[in-house]
Q: 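One structure is given below, represented as structure tokens, and several questions about it will come after.
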Amino acid sequence: MIENRNQVADYITFYEMTEKRLGYLNDYANKRYNDIQTSIFKNGGDSYFIVLKNIGSKITETKEVVTSKYQNEDSKSDWGGAVILRLFVVIAFYIIIAVLLNLAVFKFIMPKRFHTQEFLKKKTSIIMATTTVTFAAIMGLLHATLDQYFYIMASSLLIEYAWLLGVILISLLLRVNGAQIKSAFSIYAPLIVIGFLVITFRIILIPNNLVNIVFPPILLLCTIWQWLVIKRHNQNVPRSDMFYTYLSLSIFICSLGCAWMGYTLLAVQILIWWIMQLTCILTITCVSQYLKIYGIKHGLEDKPISKTWFYKFIYKVVLPIMGVISVMLSIYWAADIFNLSDLCWQLFRRNFIDLKNFKISILKLCMVVNLWFVFSYATSTILSFMRLHYQTQDPSTAASREVMGRNVIQVFVWGIWLMISLSILNISVTWLLAISGGLSTGIGFASKDIIENIYYGASLMAGRIKVGDLIEVDGTMGKVTSISYTSTIIEAISGEVITFQNSQLFAKNYKNMTRNHGYVLAVIPFGVAYGSDIKKVSELIEDAANNLNLEFTDPARKATTAMVGLGDSSVDMKLIVWAEAVKKAFVVSEMTKCIYNTLNENGIEIPFPQRDITIRNAKELKG
């Protein structure tokens with residue numbers, strides 16, 4: 001037992017030593033791997049001008065490398081020349097199979113009624129798109145059944161490329177018409193070709209020496225090709241596609257500069273990233289356009305939120321989030337093609353601002369931005385449901401109640417978003433409280449007026465006035481158009497827009513003209529001569545006023561007259577009418593005309609001040 005115990009102790013010691021050694025080797029290998037990956041992008045190789053200067057020796061060196069890699073018969077590598085040749089033969093065979101299958105479907109299976117004029121214009125592009133999808137499906141079956149790493153890797157890359165090409169083609173088919181399809185395909189052709197070359201280079205693991213010689217001139221030719229197709233077809237494609245094509249030209253120029261300076265792998269990565277990114281952009285653009293068309297066709301903009309919330313969720317949340325994620329996803333895909341996915345993921349998670357109470361990384365920023373879209377949609381949807389509820393319950397007070405609810409909901413929802421964002425960014429709440437505590441006194445004095453306006457704004461919104469009320473302040477009459485926590489906006493009858501601070505408005509003696517029923521008392525004075533029949537005058541004026549049937553008078557209250565006094569030259573009377581507050585001046589004008597015409601038509605004298613002047617004889621004045 002003692003001997004066994006000692007032996008076990010030795011085994012444990014050896015195991016710990018081995019574990020430490022393996023851990024050291026693993027850490028060293030990871031460090032070297034990261035250094036190699038980083039140096040590829042930081043240091044690069046010889047610029048292409050140096051390569052051209054020493055082209056003879058470079059070609060000789062490249063021939064030796066290519067010969068040893070692909071023509072060494074003793075080599076058992078999966079990347080031998082015979083294996084690669086068989087792979088391309090298999091790819092060509094399955095491409096032919098995919099083309100024949102699609103031609104047979106379109107010729108013998110598809111009903112003739114689908115062979116429209118527009119279909120015939122797009123037939124070639126449709127066959128290319130369906131062939132690409134068919135080829136991707138075939139590669140997927142091979143990927144699932146093969147067991148050799150080389151073929152698995154090659155089929156995986158071909159599936160990715162076929163998917164990218166299929167998305168571009170299908171997007172063009174859905175977005176452009178038959179007269180534009182050829183031009184639309186032409187402007188994307190340089191990017192498709194360079195993408196296929198890069199995928200091919202990756203599949204056969206082409207030596208760096210050969211890449212450094214052939215890739216920069218190929219990239220130069222594709223850049224010139226891209227510029228020529230833009231110049232030729234820029235008038236025959238949608239504006240959005242031209243914008244994407246100009247971006248592609250910019251990417252070509254950037255990659256060309258990197259390649260000619262010696263950063264060939266960086267140039268390749270930029271191109272692959274843009275191909276992936278463009279594919280995502282075209283997919284999102286296509287979905288967005290068809291959602292918009294669907295919304296217009298079904299009149300979703302005019303329908304209540306209860307019937308459009310899911311449509312708006314897709315349009316305002318899913319598509320923007322897809323756009324944000326597509327940037328990171330495209331970079332990750334481009335890195336994964338060259339087995340740099342681990343480095344890419346590390347870059348996404350690395351905090352480029354790494355403080356004790358503040359940490360920011362690309363992944364965290366992506367999460368915060370995506371949450372902003374979610375909470376923005378939540379705010380607008382809740383407000384729409386609240387507006388619908390208030391309109392159904394009481395349309396007259398809906399606008400005023402909505403203002404109060406909108407401010408409360410926005411503070412609540414965006415407060416939650418802020419707290420979650422602070423947590424994601426590792427911003428300490430204690431740190432914020434310490435800062436806010438130190439600034440609270442100064443902020444309190446500085447924001448005294450703001451706080452006062454907020455308090456009075458809440459008091460006004462609680463029921464004193466509401467949006468749509470007609471009020472009179474300092475002799476100015478106008479309609480309340482907006483009430484916020486800081487100010488109230490009034491549109492005057494004369495056309496001006498006046499903003500009152502809530503504290504000022506609360507302290508003023510304003511008149512609410514529409515608080516009860518919207519009508520105000522209009523009094524029109526007039527007079528008749530002494531000796532007139534007052535009873536007859538009252539009956540005539542009241543009948544004439546009530547028979548006018550003015551649109552802006554209260555139909556429930558008849559116009560009445562009253563005798564108010566005996567003047568110097570007339571019996572003073574008044575006509576009392578209930579008029580809409582906004583149209584009071586118009587009602588007074590019409591009633592005054594009615595009084596004047598009625599008195600004239602019935603021969604009733606309308607007196608006015610008169611003076612009798614007596615001229616005495618001048619002789620009498622002397623006597």
Q: Is there any ring-ring contact (aromatic ring centres under 6.0 Å, His included) pair reaching into residues 271-299, and which pairs are they, with sequence neighbours excluded?
A: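 For residues 271-299, and leaving out neighbouring residues, the ring-ring contact (aromatic ring centres under 6.0 Å, His included) pairs sorted by first residue read Tyr294-His298.
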
Q: Could you walk me through whether Ile416 and Phe375 pass the side chain to side chain contact (heavy atoms under 4.5 Å, CB included) check?
A: CA-CA 9 Å; Ile416 296 176; Phe375 279 86; 3.6 Å; yes

Q: Side chain to side chain donor-acceptor pair (under 3.5 Å): which pairs involve residues 312-321, sequence neighbours left out?
A: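 Sorted result for residues 312-321: empty, none.
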
Q: I need the Ser361 OG to Arg349 CZ distance, nearest 0.5 Å.
A: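 Going from OG on Ser361 over to CZ on Arg349, the span is 8.5 Å.
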
Q: For Phe49, what residues pass the ring pair (Phe, Tyr, Trp, His ring centres under 6.0 Å) criterion, not counting sequence neighbours?
A: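 For Phe49 the ring pair (Phe, Tyr, Trp, His ring centres under 6.0 Å) partners, ignoring immediate neighbours, are Trp260.
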
Q: Can you name the side chain to side chain donor-acceptor pair (under 3.5 Å) partners of Ser255, sequence neighbours left out?
A: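 Residues passing side chain to side chain donor-acceptor pair (under 3.5 Å) with Ser255: none at all.
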
Q: Quick check: closest heavy atoms across Ser306 and Leu388, and the distance to 0.1 Å?
A: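 Reported closest heavy-atom pair: OG-CD2, 4.3 Å.
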
Q: Are more than 12 heavy atoms, taken from residues, nucleotides or ligands other than Met367, located less than 6.0 Å from that residue's CE atom?
A: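 Incorrect, the count does not exceed 12.
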
Q: What is the distance from atom CG of Leu100 to atom OG1 of Thr131, rounded to the nearest 0.5 Å?
A: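 Here the interatomic distance stands at 9.0 Å.
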
Q: Which pairs with one or both residues in residues 357-371 pass salt bridge (charged side-chain N to carboxylate O under 4.0 Å, His left out), sequence neighbours excluded?
A: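 Pairs touching residues 357-371 that pass the test: Asp354-Lys359.
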
Q: Do Trp372 and Val368 have side-chain heavy atoms sitting under 4.5 Å apart?
A: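 A side-chain contact under 4.5 Å is absent here.
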
Q: For Ile127 versus Thr130, what's the shortest heavy-atom pair and its separation?
A: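 In terms of heavy atoms, the two residues are closest at O-OG1, 3.1 Å.
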
Q: The criterion is side chain to side chain contact (heavy atoms under 4.5 Å, CB included); which residues satisfy it with Leu141, sequence neighbours excluded?
A: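 Per chain and number, Leu141 pairs via side chain to side chain contact (heavy atoms under 4.5 Å, CB included) with no residue.
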
Q: Leu329 versus Met276: any side-chain heavy-atom pair under 4.5 Å?
A: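 Leu329 does not reach Met276 side chain to side chain.
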
Q: Is there a side-chain contact between Val317 and Asn370 in this structure, where contact means two heavy atoms from C-beta onward sitting under 4.5 Å apart?
A: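 Side-chain contact under 4.5 Å: no.
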
Q: Leu158 and Ile91: side chain to side chain contact (heavy atoms under 4.5 Å, CB included), yes or no, with the steps?
A: CA-CA 9 Å; Leu158 287 172; Ile91 292 173; 3.4 Å; yes

Q: Carefully, step by step, assess Leu191 and Phe252 under the rule side chain to side chain contact (heavy atoms under 4.5 Å, CB included).
A: CA-CA 9 Å; Leu191 200 63; Phe252 271 118; 3.9 Å; yes

Q: Indicate yes or no: at least one non-hydrogen side-chain atom of Thr283 is less than 4.5 angstrom from one of Ile170.
A: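 No, too far: nothing below the 4.5 Å cut-off.
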
Q: Decide if atom CZ of Phe385 counts as having more than 12 heavy atoms of other residues, nucleotides or ligands within a radius under 6.0 Å.
A: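 For Phe385, atom CZ is crowded (more than 12 foreign heavy atoms under 6.0 Å).
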
Q: For a 4.5 angstrom cut-off between non-hydrogen side-chain atoms, does Leu300 reach Lys303?
A: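 The answer is yes, as the side chains (C-beta and beyond) meet within the 4.5 Å cut-off.
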
Q: Within the side chain of Thr381, is there an N or O that forms a donor-acceptor pair under 3.5 Å with the backbone of Ala378?
A: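 Between the backbone of Ala378 and the side chain of Thr381 there is no qualifying donor-acceptor contact (under 3.5 Å).
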
Q: Identify the heavy atoms of Leu173 and Ala129 that sit nearest to each other, and give their distance.
A: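 Minimum heavy-atom contact is CD1-CB, 3.8 Å.
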
Q: For the residue pair Phe215 and Phe201, categorise the inter-ring angle as parallel (less than 30°), tilted (30 to 60°) or perpendicular (more than 60°).
A: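 It falls in the perpendicular class, over 60°.
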
Q: Using atom types as modelled and distance alone, determine if a side-chain donor or acceptor of Thr223 lies under 3.5 Å from a backbone N or O of Leu219.
A: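 Yes, the answer is positive, given that a donor and an acceptor are paired below the 3.5 Å cut-off.
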
Q: Which value, rounded to the nearest 0.5 Å, describes the distance between Tyr48 atom OH and Leu256 atom CG?
A: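 Here the interatomic distance stands at 11.0 Å.
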
Q: What residues form a side chain to side chain contact (heavy atoms under 4.5 Å, CB included) with Val287, not counting sequence neighbours?
A: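 If we apply the side chain to side chain contact (heavy atoms under 4.5 Å, CB included) test to Val287, skipping adjacent residues, the hits are Leu291, Leu319.
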
Q: Quick check on Phe352: does its CZ atom have over 12 non-hydrogen neighbours (other residues, nucleotides or ligands) under 6.0 Å away?
A: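 Atom CZ in Phe352 is packed in, count exceeds 12.
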
Q: Any side-chain heavy atom of Pro238 sitting closer than 4.5 Å to one from Gln180?
A: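 A side-chain contact under 4.5 Å exists here.
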
Q: Please identify each residue that fulfils ring pair (Phe, Tyr, Trp, His ring centres under 6.0 Å) with Phe373, with sequence neighbours left out.
A: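 Applying ring pair (Phe, Tyr, Trp, His ring centres under 6.0 Å) to Phe373 gives none.
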
Q: Going from CG on Leu282 to CG on Leu172, what distance comes out if it is rounded to the nearest 0.5 angstrom?
A: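 Rounded to the nearest 0.5 Å, the CG-CG separation comes to 6.5 Å.
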
Q: Calculate, to the nearest 0.5 Å, the distance between atoms CG and CH2 belonging to Leu363 and Trp345 respectively.
A: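 So the CG of Leu363 and the CH2 of Trp345 are separated by 5.0 Å.
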
Q: Going by the rule ring pair (Phe, Tyr, Trp, His ring centres under 6.0 Å), which residues pair with Phe196 if we only count those two or more places apart in sequence or in a different chain?
A: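 By the ring pair (Phe, Tyr, Trp, His ring centres under 6.0 Å) rule, Phe196 matches Tyr161.
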
Q: Evaluate Met242 against Ile230 for side chain to side chain contact (heavy atoms under 4.5 Å, CB included), listing each step before the verdict.
A: CA-CA 8 Å; Met242 283 310 306; Ile230 289 177; 3.7 Å; yes

Q: Side chain to side chain contact (heavy atoms under 4.5 Å, CB included) with Val90: which residues, sequence neighbours excluded?
A: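 Testing Val90 for side chain to side chain contact (heavy atoms under 4.5 Å, CB included), a comparison that skips the adjacent residues, returns Tyr94.
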
Q: Ser380 side chain to Tyr377 main-chain N or O, any donor-acceptor pair under 3.5 Å?
A: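 Between the backbone of Tyr377 and the side chain of Ser380 there is a qualifying donor-acceptor contact (under 3.5 Å).
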
Q: How would you list, by chain and number, every residue that makes a side chain to side chain contact (heavy atoms under 4.5 Å, CB included) with Thr132, sequence neighbours excluded?
A: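 Listed in chain order: Ala162, Leu165, Leu169.
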
Q: Quick check: do Ile224 and Leu220 have side-chain heavy atoms less than 4.5 Å from each other?
A: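 Yes, their side chains come closer than 4.5 Å.
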
Q: Could you tell me the separation between the CD atom of Gln269 and the CG atom of Leu266, rounded to the nearest 0.5 Å?
A: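 Separation between the atoms: 8.0 Å.
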
Q: Are the side chains of Ile218 and Ile194 in contact, using a 4.5 Å heavy-atom criterion?
A: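 The answer is yes, as the side chains (C-beta and beyond) meet within the 4.5 Å cut-off.
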
Q: Would a distance-only check, ignoring hydrogens and angles, find a side-chain to backbone donor-acceptor pair under 3.5 Å from Ser330 to Ser326?
A: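 Yes, Ser330 side chain to Ser326 backbone: donor-acceptor pair under 3.5 Å.
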
Q: Filter on side chain to side chain donor-acceptor pair (under 3.5 Å), then keep only pairs touching residues 225-244, sequence neighbours left out; what's left?
A: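 Sorted pair list: Arg175-Asp241, Ser183-His233, Ser183-Asn236, Tyr188-Asp241, Tyr244-Thr285.
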
Q: For the residue pair Ala98 and Asn102, what are the closest heavy atoms and their distance?
A: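 Looks like O-ND2, 2.6 Å.
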
Q: What closest approach, in Å, do Met386 and Ile409 show between heavy atoms, and which atom pair accounts for it?
A: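 It is SD-CD1, 3.7 Å.
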
Q: Quick check against the 3.5 Å criterion: does Ser288 have a side-chain atom that pairs as donor or acceptor with the backbone of Ile284?
A: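 Side chain of Ser288 to backbone of Ile284, a donor-acceptor pair under 3.5 Å: no, none is there.
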
Q: Show the nearest heavy-atom pair for residues Pro190 and Cys222, with the distance to one decimal.
A: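 So the two residues come closest at CB-O, 4.0 Å.
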
